[in-house]
Enquirer: 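I'd like to ask you about the structure that follows.
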Amino acid sequence: MNEKSLIPEKFLKPYNPGSTESRIYEMWEKSGYFNPDKLPLRQQKGEPFSIVLPPPNVTGTLHMGHAAMLAIEDIMIRYKRMQGFKTLWLPGTDHAAIATQSKVEKEIEKKEGKRRHDLGREEFLKRVDTFAQESHDTIVNQVRKMGASIDWSREAFTLDEKRSLAVRTAFKTMHDLGLIYRGSKVINWDPKGQTTISDDEIVYETRKAKLYTFKYSKDIPITISTTRPETKLGDTAIAVHPDDVRYQQYIGKEYDVVFAGESIHIRVIADTAVEPEFGTGALGVTPAHSAIDWDMAQRHDLPLKQVIDEFTKMTAGNESIKGKKVGEARTAVVEWLKSEGLLEKEEDIEQNVATAERTGAVIEPLPKLQWFIAVNKKFTLPYSNIRGLPSGSETTLKEIMLKAVKSEETNPDGSIEIIPERFERVYFNWINNLRDWCISRQIWYGHRIPVWYKKEKTVNSKQKTEEAEIYVGTEAPTGEGWEQDSDTLDTWFSSGLWTFSTLGWPEKTIDLKTFHPTSVLETGYDIIFFWVARMILMTGCLVGEVPFKTVYLHGLVRDGKGKKMSKSLGNIIDPLDMIEKYGADATRLSLIIGTGPGNDSKLSEDKVKGYKNFGNKIWNITRFILSSAAGERYGLTSVEKIAYDPQFKDWTSAESTYLKQLNDLITEITKEMEEYKFYLVGEKLYQYVWAELADKILEESKPILNGDDAEARTARVQFLLHALNTVLRALHPFMPYVTEEIWQEMNTGKSMLIVEEWPKN
RNA sequence: GGGCGAUUAGCUCAGUUGGUAGAGCAAUCCAUUUACACUGGAAAGGUCACAGGUUCGAGUCCUGUAUCGCCCACCA
């Protein structure tokens, strides 16, 4: 081939993703086709199809898991757009409250040696905002590089003005329904982060611990076991199983003793929560420092006695205990037990220790006055579209969550389908164990709780809340002396509103009417509880709808050896690196092929490289076909160029066979697209293009294209053009850049593949 | 303690309602400028974790076992 070539010059060189991708993305953006309101008429009139992007945290940069998420969602969106749906893919980012705050706190401490309290709330929040803005810009750039056909004009942030109004409205509405309440109970306290956290933000770590078996006093006949002797200063009861014959005679008895310098009053109670087989079968009840004991205390009306403060220091006990950290106090209590001759046994055991997900600190259960969402409380659902829950019916948030999701066995009428199905059971199991959700956090970054107090806020949990005048509303109350609650909301409170807060709620917008419920929620299986369940709860309660019809869960992207990618292992593959080296198309394909929904996938650089070669293969196939159509193939450059004729019918028997094979493939993959089996579609198209079209059909065509039979040549060229045209359409959702680039060259810019039709037979 | 998933070629994984085991990568041999070396062709490679069962027939269905991984609970 030479400079006289009749085909576009760029096909004379290998495909270069680097010089193509940003140009194509810009072209798409300018076309307006990412925005459903600016789509061509065919899509304008189509059924709505919507996905809201699970907002990445503004804590830094995107990783391969995000890249996989973007690839899968873009495939769904592009496929539906080509099919003629009015598609909306809505982008956004998440302020990620505690995650972002602790990240910035660490940075400031490292660089300036200052803590957040040294800077003050206002200055600290300014710093966080700056950091969040930078992260946001990085993330947006990465999303673009992946080729995401997402509607930037509707971009949202969980902490922006509109979302803030949504949060305040949600809080007020749920408060008025009686679902949000303020109460004092044992919560998970993160002493390092100095905040409460929810049950889901706890990570259990297996550690070695000592189990101590002892008596409180010689005056109490029952022996108990614990790994935390220091908390026993706060005990108010001994619990045994009601059927335990060993302790029948003691049930109901009360004792007053002095334990390590602290006067304690112990009542013996019977509760079925006690496991008679474990230890001595008797358990010391510490209502203030154990959630389970707190529950037990509620059942038996036991008093609460706090002996540990927010800084994990003892507030009771003798002089070697009081004021000490719990670790030291534990040793001191054990010493005291020994000196009194009360310690009977000391054994090594493995224990699961609750730690805070973000800070790694050991959780200290403490009684505190916090805001909660009641999941089991009955209320009247004002409006509902959810199957099995008519408007005005009496229900609970738990029931909303149970009714919304489909389950073959227990709830066949549920409208939300989870893919893969096996996660349905995981979901239901979690809901059945669900307790009230603690939503207040003692951190600064986030949505401030929309509650104002007239008098001084109650600090001590023992004081009664009625002392302060309380106002709950979307705006600050008028008049003097009101002070807003200093706490912020759990980040998942605002994330829970995501499908509708992004569409304009609480306003009754056209977007909300058109695109809600959203079609698909595509996210990682690791946040099914954090997010998926909370969205169903919030949406059901506030909008009376399900937030989405289908939940598609993807797995974790691991390294080539199946290990979790992490900084400490140094095995992180950066999506931007891969895009730069091999292109976004190759990166996308490598994240799709070889992994089904809900399964973890393995990614190696070789895999990405392989799919880069595939992009070039398509490029070369195009070169071959275009030069054949131009007459170059058979050395007759003066022959009239053959233009693609979609109506062409004069096939030979070979071409009819090829056509049938291609049509069958299209039927198959269209079915698989509907079943969300993208990995199969990607693989089948790869297989067809390389092994069939290139290696067999093209090779077999060479003698015909070089032969004398003009009719045969025309038929063959028509088939090749048809096959290429079809394959480009089918591959577009997977490899949008290279397919669009070829399409532009073939159609001289007269149409855009992004809005062309998905192939039909 | 409860639940879920995986186990198929050296590696990564497909295998649709049961009907002669499939692909990519790697390795082997051949081809050397071919639309494409980001290449083509050929051959090789498997007791489908194990043990039973159902069946004319099981990678696929049933029961059990083992190993690995994950999730939930948190027994003090």
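Here is how names work: the chains are called A, B, and so on, in the same order as the sequence lines, proteins then strands, and each is numbered from 1.
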Enquirer: Please give the distance between the C1' atoms of G15(B) and U20(B) as a whole number of Å.
Expert: 15 Å
Enquirer: Round to the nearest Å and state the distance from L698(A) atom CG to U39(B) atom P.
Expert: 15 Å
Enquirer: Any base atoms under 4.0 Å from E275(A), or only sugar-phosphate, or nothing? Heavy atoms, all strands.
Expert: base
Enquirer: Using the P atom in both, what is the distance from U47(B) to G5(B), to the nearest Å?
Expert: 27 Å
Enquirer: For a quick check under 3.5 Å, do E700(A) and Y658(A) share a side-chain donor-acceptor pair by atom type?
Expert: yes
Enquirer: In this structure, how many angstroms lie between the P atom of C75(B) and the CD1 atom of I349(A), rounded?
Expert: 11 Å
Enquirer: State, with a plain yes or no, whether a side-chain heavy atom of H63(A) is found less than 4.5 Å away from one of I572(A).
Expert: no
Enquirer: Distance check: side-chain N/O of K602(A) vs OP1/OP2 of C13(B), anything under 4.0 Å?
Expert: yes
Enquirer: I'd like the P distance from A44(B) over to G57(B), given in whole Å.
Expert: 31 Å
Enquirer: Check the distance between C72(B)'s P and F423(A)'s CZ and give it to me in whole angstrom.
Expert: 11 Å
Enquirer: What nucleic acid atoms does N352(A) come within less than 4.0 Å of, heavy atoms only: base, sugar-phosphate, or nothing?
Expert: base
Enquirer: Does K617(A) have a side-chain nitrogen or oxygen under 4.0 Å from the phosphate oxygens OP1 or OP2 of U39(B)?
Expert: no
Enquirer: Counting only side-chain heavy atoms from C-beta out, which of C38(B), C71(B), C25(B) sits nearest to F529(A)?
Expert: C71(B)
Enquirer: When you check the side-chain N and O atoms of Q687(A) and E692(A), is any donor under 3.5 Å from an acceptor?
Expert: no
Enquirer: Assuming nearest nucleotide by heavy-atom distance, tell me which of S225(A) and D200(A) is located more 5' along RNA chain B.
Expert: D200(A)
Enquirer: Between C1' on A35(B) and CG on N706(A), what's the gap in Å once rounded to a whole number?
Expert: 12 Å
Enquirer: Under the salt bridge (Lys or Arg N to Asp or Glu O under 4.0 Å) criterion, do K671(A) and E675(A) qualify, and how do the steps go?
Expert: CA-CA 6 Å; K671(A) 183 170 167 269; E675(A) 291 166 352; 3.6 Å; yes
Enquirer: Cut-off 3.5 Å, side chains only: do Y216(A) and D235(A) have a donor facing an acceptor?
Expert: yes
Enquirer: Please check the phosphate of U39(B) (OP1 and OP2 only) for any side-chain N or O of W690(A) closer than 4.0 Å.
Expert: no
Enquirer: Hey, is R435(A) close enough to D295(A) for a salt bridge, meaning N to O under 4.0 Å?
Expert: yes
Enquirer: What integer distance in Å separates K210(A):NZ from C75(B):P?
Expert: 21 Å
Enquirer: What pairs of nitrogen or oxygen atoms, one from the protein and one from nucleotides 1-4 of chain B, lie under 3.5 Å apart?
Expert:
| residue | atom | partner | partner atom | Å |
| --- | --- | --- | --- | --- |
| C4(B) | OP1 | R425(A) | NH1 | 3.0 |

Enquirer: C38(B) and A27(B): how far apart are their P atoms, nearest whole angstrom?
Expert: 15 Å
Enquirer: T227(A) near the nucleic acid: base, sugar-phosphate alone, or nothing, with a heavy-atom cut-off under 4.0 Å?
Expert: sugar-phosphate
Enquirer: Output the rounded distance in Å from NZ (K702(A)) to P (A35(B)).
Expert: 4 Å
Enquirer: Within the 4.0 Å heavy-atom criterion, would you say Y686(A) contacts the bases, only the backbone, or no part of the nucleic acid?
Expert: sugar-phosphate
Enquirer: Which value, in whole Å, describes the distance between the P atoms of nucleotides C50(B) and A21(B)?
Expert: 16 Å
Enquirer: Could E668(A) and K684(A) be called an ion pair, given the rule that one side-chain N must be under 4.0 Å from one carboxylate O?
Expert: yes
Enquirer: Would you classify L680(A) as touching base, sugar-phosphate or nothing, given that sugar-phosphate means primed atoms plus P, OP1 and OP2, and contacts are heavy atoms under 4.0 Å?
Expert: sugar-phosphate
Enquirer: Quick one: are T236(A) and L304(A) in side-chain contact, heavy atoms under 4.5 Å?
Expert: no
Enquirer: Using the P atoms only, state how far G1(B) lies from U65(B), rounded to an integer number of Å.
Expert: 14 Å
Enquirer: Can you name the closest pair of heavy atoms from A730(A) and L685(A) and give their distance?
Expert: O-CD1, 3.6 Å
Enquirer: When we call it a touch if two heavy atoms are under 4.0 Å apart, what does I292(A) touch: a base, just sugar-phosphate, or nothing?
Expert: sugar-phosphate
Enquirer: In this structure, how many angstroms lie between the C1' atom of C36(B) and the CD1 atom of I742(A), rounded?
Expert: 13 Å
Enquirer: Does the ring pair (Phe, Tyr, Trp, His ring centres under 6.0 Å) test come out yes or no for Y611(A) and Y582(A), once each step is laid out?
Expert: CA-CA 8 Å; Y611(A) 292 116; Y582(A) 309 108; over 10 Å; no
Enquirer: Using the C1' atom on both, measure C61(B) against C68(B) and round to a whole Å.
Expert: 25 Å
Enquirer: Between K581(A) and E605(A), is there a side-chain N and carboxylate O pair less than 4.0 Å apart?
Expert: yes
Enquirer: Closest nucleotide of RNA chain B for Y15(A) versus for D600(A): which of these residues is on the 5' side?
Expert: D600(A)
Enquirer: Roughly how far apart, to the nearest Å, are A66(B) and G19(B) at atom C1'?
Expert: 30 Å
Enquirer: I need the CD-P distance between E683(A) and C25(B), as an integer number of Å.
Expert: 11 Å
Enquirer: When you check the gap from the basic side-chain N to the acidic O, do D559(A) and K602(A) get nearer than 4.0 Å?
Expert: no
Enquirer: A239(A) near the nucleic acid: base, sugar-phosphate alone, or nothing, with a heavy-atom cut-off under 4.0 Å?
Expert: nothing
Enquirer: Which part of the nucleic acid does Y204(A) contact within heavy-atom distance under 4.0 Å: base, sugar-phosphate only, or nothing?
Expert: base
Enquirer: Assign a letter to each nucleotide of nucleotides 41-46 of chain B from its 5' end: B, base within under 4.0 Å of a protein heavy atom; S, sugar-phosphate only; -, no contact.
Expert: S-----
Enquirer: How about K208(A) and I349(A): do any of their side-chain heavy atoms sit closer than 4.5 Å?
Expert: no
Enquirer: Paired stems touching RNA chain B, three or more consecutive Watson-Crick or G-U pairs with both distances under 3.5 Å?
Expert: B:1-7 with B:66-72, B:10-13 with B:22-25, B:28-31 with B:39-42, B:49-53 with B:61-65
Enquirer: Could you check whether R358(A) pairs with E201(A) (Lys NZ or Arg NE/NH1/NH2 to Asp/Glu carboxylate O, under 4.0 Å)?
Expert: no
